[in-house]
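Notes for the one structure printed next.
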Amino acid sequence: MPGPQRLLSSLCLLLLAIALVLGAGWQAGRFARDGLMATLHGRLEVYGQSLDAMLGRFDHLPATAALDPTLVRLAQSHDPALVAPVNDYLRTVSRRTGAAVLYLIGTDGTTLAASNWDQPNSYVGINFGYRPYFQQAMEGRDGHFYGTGTLTGIPGYFIAAPVRAPLADGGRIVGTVVVKVLLDAMETVWRDAGDLVLLTDRHGIAFLSSLPDWKLRTTRELDALALDELADTRQYGRDSYPPLPFTMPHRLGTPVQTVDGRYLLYGRALERDGWSLLVLQDAAPVRRAQSLAAAAMALLLALALAGGLAWRQRFRRLQERERSRAALEQARLDLERKVVERTADLSTANAKLEREVEQRRHTEQELRAAQNELVQAAKLAALGQMAAGVTHELNQPLTALRGLAENCRALLDRGREEDVRDNLAFMADLVDRMAKITSQLRGFSRRSDGPPEPVPLARAVRDALALVERRLADQGIAVDLGLPSGGLVVGFEPVRLQQVLVNLLRNAADALRDRPNPRIRVTGHVNMDKTISLSVTDNGPGIGFEVMPRLFEPFFTTKPAGEGLGLGLAISQAIAREYGAQLSAGSGPEGGACFTLTFPPLTERSPTGEEKNHAPA
Ligand code: ADP
């Protein structure tokens with residue numbers, strides 16, 4: 001994956017992780033808060049009901065107490081004699097009901113009788129005309145008021161009811177009965193329950209608080225009107241009301257998140273006097289749950305990340321292993337395929353080779369057969385040529401003999417015996433010469449594949465020269481012999497050797513045709529390696545470089561048709577090889593051709609001078 005894309009996806013993953021962590025925290029916080037809220041809701045219900053129940057007990061007490069005739073009379077008449085019985089009455093009632101103080105105020109606001117008439121802080125004679133509850137009662141309504149006692153400094157809830165004169169006297173309001181209820185007990189209950197509970201008035205001032213520090217502080221800022229009213233009624237007996245460390249929720253009755261992030265608050269408006277009951281709960285558990293869930297999520301993500309990385313590592317390793325295994329397998333398959341291919345190639349090549357070997361063997365056999373045929377054919381051809389030559393050679397003496405014979409008869413007729421004798425001698429010479437020719441012909445034509453025998457080179461050369469003597473003489477070819485006098489002897493079949501030499505000499509003669517000063521030189525010597533060489537060199541045109549490579553090819557000839565068969569050298573080489581010798585061609589010192597026969601050294605030398613296959617001279 002390219003860098004920027006990778007970075008982007010990493011960033012996305014990071015953002016997702018952050019979202020998950022925050023989400024987990026938020027969700028856990030929500031659960032915890034919902035749980036706490038449910039608890040708070042329950043508490044609030046309980047506290048609200050108990051407050052209602054407690055105050056409800058006193059709601060009708062003043063109105064009931066105001067029905068007492070003695071009390072009504074005192075209110076009407078202000079008769080001092082009635083004060084004591086009414087005091088007693090009020091004390092009895094207040095004791096029975098558990099009210100803090102129960103008292104009767106006259107229409108001018110001055111207290112006429114009170115249940116605490118004999119206490120140091122007795123209300124008797126005190127004027128409460130400024131108190132709202134008095135004014136409300138005097139207007140014929142029930143008065144309610146929470147305030148701090150101006151005399152005792154003890155706060156309490158005041159419930160007032162008008163005292164009416166009997167209908168017979170006009171039924172007018174003649175006074176007010178007030179009951180003061182102490183609510184401090186509530187605070188103790190809340191505190192003991194471990195809850196943070198506030199009871200606020202319609203101005204938002206917390207007049208009851210389980211936390212003393214928060215008492216008489218406001219949930220909202222007080223306006224001038226409210227401050228004036230508070231001063232007038234001396235409700236809480238002070239001038240300033242510092243704000244609470246949180247702001248009130250806009251709507252009570254629904255669970256409210258947090259206050260300053262530290263508390264959870266649940267509030268409820270009560271039916272009484274615009275009061276509100278607030279329960280607060282430290283939000284620490286929510287925050288704890290939040291951070292715990294976030295931490296757990298972070299841990300989970302870290303684990304997942306670690307797991308993911310480990311899995312990826314492992315996956316990559318597996319992939320790597322799989323790749324190398326596949327590569328190995330491929331290599332093995334390739335190798336196998338190559339081996340199969342090579343084997344097939346080899347088999348094909350082998351089969352081809354075998355075929356070729358077989359073909360060669362066959363060809364060799366054919367060649368060998370052809371060679372033998374050729375040797376014999378060449379021999380016959382040579383014989384034919386020679387026969388022609390011999391016929392020519394013999395015809396001359398025969399014609400001469402015939403002439404001489406007739407001549408002899410004529411000479412005898414004339415009795416010239418001397419001349420006849422000379423003629424007869426000449427005729428005998430002619431016959432000798434004819435015999436010589438035929439004997440050479442016989443020796444040449446004899447088929448001879450016999451074993452090698454020691455052959456003196458000098459004699460072989462002489463015999464061969466004798467066979468071509470006439471031809472050489474006709475062409476005026478000079479013959480140089482350079483053979484060591486000691487005599488070189490080679491192992492060969494004499495007739496065969498003669499055949500080879502005749503062939504070489506005849507070729508030389510052919511080459512020397514129409515050449516000035518034609519000369520053939522026949523030399524022999526022993527080489528360093530004990531082999532023996534015999535060379536036939538002429539001063540003819542030599543062998544052209546294009547002719548040289550094909551020299552020993554059967555039927556290769558440069559001679560005009562009818563003159564050459566192109567078999568001479570091929571047969572000569574074959575014969576030489578047959579007896580372990582070599583026939584090679586080169587150039588002579590005068591630019592002519594030089595054919596050399598190289599014989600292997602003869603291990604056993606036979607006596608020289610013995611003549612074989614040689615016709616008598
Ligand atoms: P042929 O004599 O029937 O042509 P050979 O095998 O004896 O067949 O000779 C082959 C050829 O070699 C000749 O045709 C000739 O061209 C060449 N050759 C042989 N001997 C000589 C020589 N002495 N000088 C020049 N060329 C020669």
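Note that these values count all heavy atoms, side chains included, but never hydrogens, waters or copies made by symmetry. Counting starts at 1 for both ligands and their atoms, following the listed order.
Proximity of a side-chain donor or acceptor of Thr531 to a complementary backbone N or O of Asn527 within less than 3.5 Å is not detected.
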Atom pairs and distances, donor-acceptor, side-chain atoms in residues 300-320, under 3.5 Å, two or more places apart:
| from | atom 1 | to | atom 2 | distance (Å) |
| --- | --- | --- | --- | --- |
| Glu320 | OE1 | Arg323 | NH2 | 3.0 |

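For ligand 1 and Phe556, the ligand atoms under 4.0 Å from any heavy atom of the residue are 10 (C). Taking a cut-off of under 4.0 Å to the non-hydrogen atoms of Ala508, the atoms of ligand 1 that pass are 23 (N). Close approach of ligand 1 to Gly542 is summarised as follows: ligand atoms under 4.0 Å from at least one heavy atom of the residue are 25 (C). For ligand 1, the atoms closer than 4.0 angstrom to any heavy atom of Ala593 are 22 (C), 23 (N), 24 (N).
Salt-bridge annotation for Arg355 and Glu358: absent, with no side-chain N of the basic residue lying under 4.0 Å from a carboxylate O of the acidic one. We find that Glu356 and Lys352 are not joined by a salt bridge, their nearest charged nitrogen and carboxylate oxygen being 4.0 Å or further apart. In summary, Arg361 and Glu364 do not engage in a salt bridge, as defined by a charged side-chain N under 4.0 Å from a carboxylate O. Between Glu341 and Lys338 there is no salt bridge, since no side-chain nitrogen of the basic residue lies less than 4.0 Å from a carboxylate oxygen of the acidic one.
Contact between Gly540 and ligand 1 is absent, with no heavy atom of the residue lying under 4.0 Å from the ligand.
Looking at Asp538 against ligand 1, only its side chain comes within 4.0 Å, counting heavy atoms. Contacts between Phe552 and ligand 1, counted as non-hydrogen atom pairs separated by less than 4.0 Å, are absent for every part of the residue.
Between the choices Met548, Arg506, Arg550, Lys559, the shortest heavy-atom distance to atom 2 (O) of ligand 1 belongs to Lys559.
Distances between N or O atoms of Ile543 and those of ligand 1 include no value under 3.5 Å.
Sorted by first then second residue, the salt bridge (Lys or Arg N to Asp or Glu O under 4.0 Å) pairs that include residues 513-540, not counting sequence neighbours, are Asp480-Arg519, Asp480-Arg521, Asp510-Arg513, Arg513-Glu563, Arg519-Glu590.
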